[in-house]
Amino acid sequence: MLGQAVSQAVKSGEAVNRLRFDCIGDQLLGFVNGERVISVSDTAIDRGTVGVDVAAAAPGQTTEARFDNIAVTAPR
């Protein structure tokens, strides 16, 4: 898990959020609704798999998420 910070870019309630992750070399950039929300670098990782994790913003809260239109593409 990269972190648990909540960004103001995330729309709450029954809203559509557009996620994008760019993996370039040893760097991972994460975007929510066009706003960069995370940037990490790890030279120990040279390959991997794709996954998404959803968590409630605070202990005891519940959350629900639905994902559709997922695409994984190679760099151009």
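I38 is connected to F67 through a chain of hydrophobic side-chain contacts under 4.5 Å among Ile, Leu, Val, Met, Phe, Trp and Tyr, so both are in one cluster. Under the 4.5 Å side-chain heavy-atom criterion for Ile, Leu, Val, Met, Phe, Trp and Tyr, L28 and L19 are members of the same hydrophobic cluster.
If you chain together ILVMFWY residues whose side-chain heavy atoms come under 4.5 Å of each other, V16 ends up in a group of its own. If you chain together ILVMFWY residues whose side-chain heavy atoms come under 4.5 Å of each other, V50 ends up grouped with V72.
How far CZ of R18 is from CG of N69: 8.0 Å, rounded to the nearest 0.5 Å.
In this structure D22 satisfies the salt bridge (charged side-chain N to carboxylate O under 4.0 Å, His left out) test together with R20, sequence neighbours excluded. With sequence neighbours excluded, the residues that form a salt bridge (charged side-chain N to carboxylate O under 4.0 Å, His left out) with E64 are R66. For Q61, the side chain to side chain contact (heavy atoms under 4.5 Å, CB included) test picks out A56, A57, A58, with sequence neighbours left out. The side chain to side chain contact (heavy atoms under 4.5 Å, CB included) check on V37 picks up S7, A9, V32, with sequence neighbours excluded. Not counting sequence neighbours, the partners of A44 by the side chain to side chain contact (heavy atoms under 4.5 Å, CB included) test are D42. Every residue two or more places apart in sequence or in another chain that forms a side chain to side chain contact (heavy atoms under 4.5 Å, CB included) with S41 is listed here: D26.
Sorted by first then second residue, the side-chain hydrogen bond (donor to acceptor under 3.5 Å, both in side chains) pairs that include residues 29-38, not counting sequence neighbours, are N17-N33.
Shortest non-hydrogen contact noted between S12 and A15 is O-CB, 3.6 Å.
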